[in-house]
Structure formats: C-alpha cells, structure tokens
Student: 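Okay, handing you the structure first.
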Amino acid sequence: MIDQELPESPETAATPQPVLRCGFVAIVGRPNVGKSTLLNALLDRKVSIVSPKPQTTRHRILGIRSSEESQIIFVDTPGLHAGGKRAMNRHMNRAAVMSLNDADVNLLVIEGPRWLDEDQRILDQLVARGRPIILAVNKVDKITPRERLLPFIEELARKAQFVEIIPMSGLKRSNIESLPGLIAKHLPLSPPHFPLDQVTDRSPQFQASEIVREKLTLRLHQELPYGLTVEIERFAEEDGRLLINAVIWVERAGQKAIVIGHGGEQLKEVGRSARIEMSELFGRSVHLELWVKVKENWSDSEAALRQLGYES
Ligand code: GDP
Ligand code: MG
C-alpha cells in the first residue's frame, strides 16, 4: 500500500512533478497516548477514529498533508503493545512494526509527565532503526502544576538523541503548528507520492465502517469493543443520497443483545450519531442501516480477519 504507484498517463508524463520534501512519518507510542487525535489535528480532518479505550486503532492508516514545500505521509499505527495472543493482536503489532520499518522519521508520542517501561521499550526499537526521532510530549493540558513540565523534559532529553522534544496537546491543538516544518527538514527530496489533494489512503467504505465502530466503542463498556468489527455490505449513491448498509459482527449471541440494547435503543443511537458524522464527511445525506450478526471467535481466526478486511 505504501508503495502505491501513481497511474502512468500521458499527462503526468508530460508535466514534470514538483520536487518536495516528501516521506513517511510513523506516529508511534503506547496505546491511548493520543496518536490518532494528533493525526486528525495535524490534518484538520478526522481520518482516524478516537476513543478513551486502548487499541481503538486496528489498521495502519495513512494521513497525507501536502503543502508547497512538502508532502508528509503520516502513518497512524495501532499502539505497539506487549501481550495479547489472539490473531487480532498479532495483526495489530504487525501493522505497527511494518510502519516503523518504512518510516523516514519517527514521531514518538508519550503522555506527559509519565515515562513508562512501555515507552522505553518502544524508544529502544526506534533507536535501533537509526532514523530521526521527534518526541511529542502530549496531553500537556492535563499537567498540573505546569512547573512539572520543564524538569520532565530535561529528564527526557537524557534518554536519547531526539531531534526535537515538543510539549503539546493534540486535543486542544496547542503547539502543533511547528511540527510539520520540523518534520519536513528530515525528509528526502522527491516528487510527491500521492496527488496533492489526497488526505488518506483509505476508501470511503473503510471510513464509514470505522465511524460505526467508533460510535460503538464509545458507547459500549469494558471488553466488548474488542470483540466486534464492522463490515460495509452496501455503499451506493441514489438520487444524491448515500445508501449504506453495515453489519456489526460480534463473537457471541450475548454480545449481540448488548449491542442492540434494550428495545433497540443502543443500536438506534449508534446509527444516529454515525449517520450525522458520515453526512458531514461525505457532504451529502446518508441513509444508514445497521445489522448485528454473530461470527464466533472472528478475532482469533486469521481467515475471518482476512475476510473482514484485516490485511496482513
Ligand atoms: P491513541 O490510542 O494513541 O490513538 O489515542 P487516541 O487518539 O485514540 O486518544 C485516546 C484518548 O486520549 C481519547 O479519549 C482522546 O480524546 C484523549 N486525548 C488525546 N489527545 C489528548 C490531549 O492532548 N489531551 C487530553 N486531555 N486528552 C487527549
Ligand atoms: Mg489510535
């Protein structure tokens, strides 16, 4: 996917491509530190779903930011995490590690003012790859008193040769403006890899399925979000409206009842909020139908994962 080639057409051959600072930036860090929130803030558009629950991001998602000087291809990754033996966990770790291998620059995100063993393990992996590392100390809006920040940053500076350490808040969009410029300095010169108006590599169908999964993840408690996935069965345009049918796959009959909720209320609310967000994203009205179906242990079956679109 990362090696996606632009179609050769007579026009593209005739017009020389501009040469920009252009490359891949892996956004890495342990689950829940705010990687997807930061990506969305940098792109000024939601390309990656967000929730307070760890392991919300399951796929490698590209978010592309182009300007006259640079094309930065951010790679949002599932958090690298230890443990978890199911096929789904293996898939997520694979996606995260592959992004590290491809990256020209690594953006390591941590949640200040804490440095955990898990942060150290990820830093060790990055240092071993030898690419420039920018350290984003995120969620500084939560740090009180603010005086704790400076000594923490001094302590971080001793952990590795970071090209930059930037305190920021992705949620509040504070102190993120300088980031693209700092990153671009470390990217190779090359023609753009993607058309300049493209913001993500993901299809509208994928984005629709992720929006439904985000709304479910936000409403459901405990472990249930990890046992479900969303498949788009129909995505059609009719009279200027989008008709979208989605199946919510769960692993057990009991989970189906929880997703649907008392009198169908839960599913109705999920559908309502997903539909509103899809209408905004796609810029037209959306008719959304949701079904809940059971496929036992899909998250531990490589075959089921492939069938549901979790590429390896
Ligand atoms: P990821 O797992 O690293 O991708 O983290 P997410 O982007 O999904 O965010 C996890 C949670 O942290 C969500 O509830 C976000 O709203 C919250 N969050 C992200 N960035 C910030 C931030 O800068 N400040 C605060 N206070 N919360 C944040
Ligand atoms: Mg994420």
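One-based numbering, in listed order, for ligands and for the atoms of each. Keep in mind that this is a model prediction, so the values were computed, not measured.
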Student: If you count the atoms of ligand 1 from 1 in the order shown, which ones are under 4.0 Å from a heavy atom of Ser169?
Tutor: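 It comes down to these atoms of ligand 1: 22 (C), 23 (O), 24 (N).
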Student: Under 3.5 Å between some N or O of ligand 1 and some N or O of Lys35?
Tutor: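 Indeed, backbone or side chain, Lys35 has an N or O that close.
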Student: Purely on distance, is any nitrogen or oxygen of Thr37 under 3.5 Å from one on ligand 1?
Tutor: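 Yes.
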Student: Would Asp76 count as being in polar contact with ligand 1, using the rule that some N or O on each side must be under 3.5 angstrom apart?
Tutor: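 Looking only at distances, the answer is no, because the N/O contact criterion of under 3.5 Å is not met.
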Student: To the nearest 10°, what's the angle at the Mg ion (ligand 2) between atoms OG1 (Thr57) and OG (Ser36)?
Tutor: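 Answer comes to 90°, rounded to 10°.
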Student: Quick check: Gly170 and ligand 1, any N/O pair under 3.5 Å apart?
Tutor: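 Yes, at least one N or O pair falls under 3.5 Å.
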Student: Can you confirm, on distance only, whether ligand 1 has an N/O atom lying under 3.5 Å from any N/O atom belonging to Pro31?
Tutor: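 No.
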Student: Is there a polar contact, in the sense of an N or O pair closer than 3.5 Å, between Gly34 and ligand 1?
Tutor: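 Between Gly34 and ligand 1 (N or O atoms, distance only) the closest approach is under 3.5 Å.
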Student: Within the structure provided, determine whether Asn32 and Gln55 are in side-chain contact (heavy-atom separation under 4.5 Å).
Tutor: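 Side chain of Asn32 against side chain of Gln55, heavy atoms only: no contact under 4.5 Å found.
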Student: Does Leu171, backbone or side chain, put an N or O under 3.5 Å from an N or O of ligand 1?
Tutor: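 Yes, there is a polar N/O contact under 3.5 Å.
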Student: What do you reckon, does Asn32 put a non-hydrogen atom under 4.0 Å from ligand 1?
Tutor: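 The answer is yes: ligand 1 sits under 4.0 Å from a heavy atom of Asn32.
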Student: Give the atoms of ligand 1, by number and element, whose distance to some non-hydrogen atom of Lys142 is under 4.0 Å.
Tutor: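 Counting from 1, the qualifying ligand atoms are 26 (N).
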Student: May I ask you to decide if the ring planes of Trp298 and Tyr310 are parallel, tilted or perpendicular, using 30° and 60° as cut-offs?
Tutor: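 Geometry flag for Tyr310 against Trp298: parallel rings.
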Student: Give the C-alpha distance, both sets of side-chain angles, the deciding distance and a yes or no for side chain to side chain donor-acceptor pair (under 3.5 Å) between Ser48 and Ser36.
Tutor: CA-CA 6 Å; Ser48 193; Ser36 299; 3.2 Å; yes
Student: So which heavy atom on Val250 is nearest to which on Lys256, and how close?
Tutor: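 For Val250 versus Lys256, the nearest heavy atoms are CG2-N, 3.8 Å.
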Student: Under the criterion side chain to side chain donor-acceptor pair (under 3.5 Å), I'd like the reasoning laid out for Gln120 against Trp115: C-alpha separation, chi angles, the key distance, then a yes or no.
Tutor: CA-CA 7 Å; Gln120 184 66 48; Trp115 181 263; 3.1 Å; yes
Student: Could you report the tightest heavy-atom contact between Lys295 and Ala304, atom names first, then the distance?
Tutor: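 Scanning both residues, the minimum pair turns out to be CD-CB, 4.3 Å.
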Student: Applying a 4.0 Å heavy-atom criterion (strictly less than), which segment of Ser51 is in contact with ligand 1: side chain, backbone, both, or neither?
Tutor: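 The answer is the backbone.
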Student: Between Phe282 and Phe235, is the gap from one ring center to the other below 6.0 Å?
Tutor: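 Ring centres of Phe235 and Phe282 closer than 6.0 Å.
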Student: Compute the shortest N/O to N/O distance between Ser36 and ligand 1 and return yes if it is under 3.5 Å, no if not.
Tutor: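 For ligand 1, there is an N or O atom that lies under 3.5 Å from one belonging to Ser36.
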Student: Are Arg272 and Ile276 close enough that some pair of their side-chain heavy atoms sits under 4.5 Å apart?
Tutor: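 A side-chain contact under 4.5 Å exists here.
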Student: Can you find a side-chain donor-acceptor pair between Arg219 and Gln266 that sits under 3.5 Å?
Tutor: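 Note: Arg219 and Gln266 side chains meet the donor-acceptor criterion.
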Student: I need the contact type for Asn138 against ligand 1. Using non-hydrogen atoms and a strict under-4.0 Å cut-off, is it side chain, backbone, both or neither?
Tutor: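 The part of Asn138 near ligand 1 is the side chain, not the backbone.
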